[in-house]
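Please read the structure below before turning to the comments.
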2 protein chains.
Amino acid sequence: MPNDTKTALLDSAERAARTLGFNGFSYSDLAEDVGIRKASIHHHFPSKAALSIALMERYYQSLESACAKIDLEHDTGSTRLAALINTYYGALDDGQSLCLCVSFSTSTESLPSEVIDQMSRFRSMMLNWLSAVFLLGKEDGTIENVADPALEASATLPMIEGAQLAARTEKNPQLFDSAMKLLLSRLH
Amino acid sequence: MPNDTKTALLDSAERAARTLGFNGFSYSDLAEDVGIRKASIHHHFPSKAALSIALMERYYQSLESACAKIDLEHDTGSTRLAALINTYYGALDDGQSLCLCVSFSTSTESLPSEVIDQMSRFRSMMLNWLSAVFLLGKEDGTIENVADPALEASATLPMIEGAQLAARTEKNPQLFDSAMKLLLSRLH
DNA sequence: GTCTATAAATCGATAGAC
DNA sequence: GTCTATCGATTTATAGAC
């Protein structure tokens with residue numbers, strides 16, 4: 001690791017962004033958390049816009065890896081879908097945190113257009129992955145009542161994201177569980 | 001009555017909050033929009049926290065009325081559900097705006113706890129209304145495949161909210177439509 | 001009720017020493 | 001790479017005249 005400080009800044013910023021939103025933390029907060037002075041942050045990330053791009057880039061790759069890992073560890077449609085839902089449940093962190101994409105969605109006006117594009121690509125990737133999972137579940141019979149896998153994906157991703165947002169608002173992960181119950185009841 | 005300054009401030013603040021988020025507008029912006037000086041706003045709303053409470057209070061009543069109006073104008077489960085989806089589609093304003101509750105969900109850290117409680121009550125009201133609609137649709141046969149109305153409601157509200165958020169992020173109302181397609185295909 | 005004027009704090013960002 | 005010091009802009013909020 002040639003630059004440990006940079007990684008520490010990304011970690012701190014991601015944690016802050018996912019719990020408080022992109023406008024909910026400052027360079028001052030990061031500095032205190034990481035243990036350097038705030039002016040020093042500009043050496044690693046010249047602007048907060050540059051930091052947001054780096055955060056989203058890393059997050060994209062992280063979720064892409066997570067989906068690939070799910071594919072390796074599970075070989076049915078239902079178990080893969082359940083694993084993804086579990087990933088989002090974990091990201092909730094007991095009702096305090098959001099997926100970075102959902103969190104950034106709430107501050108679009110403060111983000112550079114490049115990040116908006118990154119978020120669009122992120123959601124496309126997730127939709128493609130979900131479509132493949134629903135298709136597999138339809139073919140292997142582990143997901144009930146799948147007519148159109150792409151339509152299922154288009155409905156499922158916003159539901160997961162919306163449920164996460166609602167659960168975080170009330171700091172109650174139970175809200176996420178209730179929202180997932182109907183979908184989970186279709187898995188075998 | 002529409003020339004009332006307090007109402008004009010609420011209108012301006014609601015528009016700004018739903019497009020830019022609660023932290024996306026300032027008293028300075030409101031002042032310019034309404035045509036008074038920013039210090040004068042404090043006479044109507046002593047703090048931004050007080051303004052947020054008034055906004056959410058008005059929004060709760062507005063949606064409660066909208067649901068009651070839907071009940072009056074439509075008498076089947078499917079037409080009532082379609083009318084609510086249409087209401088949220090309209091609130092999207094071509095991909096630029098959000099339901100106030102979703103918008104506020106994205107700035108929870110900046111809001112007084114009273115507003116968090118108001119949002120909780122708002123979502124409870126919507127869940128109750130949706131449950132009743134799914135129950136009616138199950139009984140009158142206009143919504144396909146309803147096993148548990150409360151579970152359907154718990155999944156549907158976050159889906160609508162999440163779809164609105166995604167569509168606003170990419171400024172593309174088509175994303176909202178795609179997310180609703182599966183649910184709409186169950187209506188008769 | 002609205003105004004001018006200003007306080008007090010915080011923000012992202014820059015310059016330049018070491 | 002990190003530091004001190006500071007800038008300029010913006011924020012919510014207050015005091016007091018009219």
Side-chain angles (χ1 to χ4, degrees), chain A residues 1-57 100 103-104 106-116, chain B residues 1-56 103-104 106-116:
Chain A
M1 315 305 164
N3 206 336
D4 203 44
T5 303
K6 192 163 188 169
T7 303
L9 284 168
L10 283 170
D11 290 345
S12 177
E14 180 177 328
R15 206 178 318 118
R18 288 175 46 185
T19 53
L20 307 169
F22 183 66
N23 294 319
F25 71 95
S26 67
Y27 271 32
S28 191
D29 298 325
L30 292 187
E32 190 178 359
D33 191 35
V34 169
I36 59 175
R37 296 300 197 160
K38 70 171 182 167
S40 309
I41 302 177
H42 289 273
H43 176 262
H44 302 280
F45 303 102
S47 68
K48 212 181 171 187
L51 172 60
S52 71
I53 292 170
L55 279 174
M56 198 60 210
E57 169 68 19
L100 189 65
S103 178
F104 273 9
T106 72
S107 329
T108 49
E109 217 60 29
S110 312
L111 294 165
S113 62
E114 185 168 340
V115 171
I116 308 295
Chain B
M1 196 66 178
N3 289 342
D4 184 69
T5 302
K6 192 163 187 169
T7 304
L9 284 168
L10 284 170
D11 291 343
S12 178
E14 181 177 328
R15 206 178 319 119
R18 287 175 47 186
T19 53
L20 307 169
F22 184 66
N23 294 319
F25 72 95
S26 67
Y27 270 33
S28 190
D29 298 325
L30 292 187
E32 190 177 358
D33 191 37
V34 169
I36 60 174
R37 295 300 198 161
K38 65 174 181 170
S40 309
I41 302 177
H42 289 273
H43 176 262
H44 302 279
F45 303 101
S47 69
K48 212 181 171 187
L51 172 60
S52 71
I53 292 170
L55 279 175
M56 197 61 209
S103 178
F104 273 10
T106 73
S107 328
T108 48
E109 217 60 28
S110 311
L111 294 166
S113 62
E114 186 169 340
V115 170
I116 309 294

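Quick caveat, the model's predicted, so the values are computed rather than measured. First the proteins, then the strands, lettered A, B, ... as listed; each starts at 1. We use all heavy atoms of the structure for the numbers below, so side chains are in, but hydrogens, waters and symmetry mates are not.
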Does Ser103(B) offer a backbone N or O that forms a donor-acceptor pair with the side chain of Thr106(B) under 3.5 Å? yes
Taking all atoms of both residues into account, what is the closest heavy-atom pair of Ala17(A) and Leu100(A), and its distance? CB-CD1, 3.8 Å
For a quick test of reading the model, state the closest non-hydrogen atom pair linking Ile41(B) to Ala31(B) and the distance between them. CD1-N, 3.8 Å
Evaluate Leu10(B) against Phe45(B) for side-chain contact (heavy atoms from CB on, under 4.5 Å), listing each step before the verdict. CA-CA 10 Å; Leu10(B) 284 170; Phe45(B) 303 101; 3.7 Å; yes
Any luck finding a side-chain donor-acceptor pair between Ser26(B) and Asp29(B) under 3.5 Å? yes
Contact check, side chains of Asp33(A) and Arg15(A), non-hydrogen atoms, under 4.5 Å: yes
If the cut-off is 4.0 Å, is [X] near the phosphate of [N], judged by side-chain N/O to OP1 or OP2?
X: Thr5(B); N: dG1(C); value: no
X: Ser40(A); N: dC3(D); value: yes
X: His44(B); N: dT2(C); value: yes

Could you tell me how far apart [X] ([atom1]) and [N] ([atom2]) are, to the nearest whole angstrom?
X: His43(A); N: dT4(D); atom1: NE2; atom2: C1'; result: 17 Å
X: Lys6(B); N: dG1(C); atom1: NZ; atom2: P; result: 9 Å
X: Asn23(B); N: dC11(C); atom1: CG; atom2: P; result: 12 Å
X: Arg37(B); N: dT6(C); atom1: CZ; atom2: P; result: 14 Å

Chi angles and distances behind the side-chain contact (heavy atoms from CB on, under 4.5 Å) call for Leu30(B), Ile36(B): CA-CA 8 Å; Leu30(B) 292 187; Ile36(B) 60 174; over 6 Å; no
Please walk me through it: do Val115(B) and Phe22(B) pass side-chain contact (heavy atoms from CB on, under 4.5 Å)? CA-CA 12 Å; Val115(B) 170; Phe22(B) 184 66; over 6 Å; no
Using the C1' atoms of the five pairs at each end, what is the angle between the end axes of the helix from dG1(C)-dC18(D) to dC18(C)-dG1(D), to 10°? 0°
Does the protein touch nucleotides 11-18 of chain D at the base, only the backbone, or not at all? Give it as B, S and - per nucleotide, heavy atoms under 4.0 Å. SBBB----
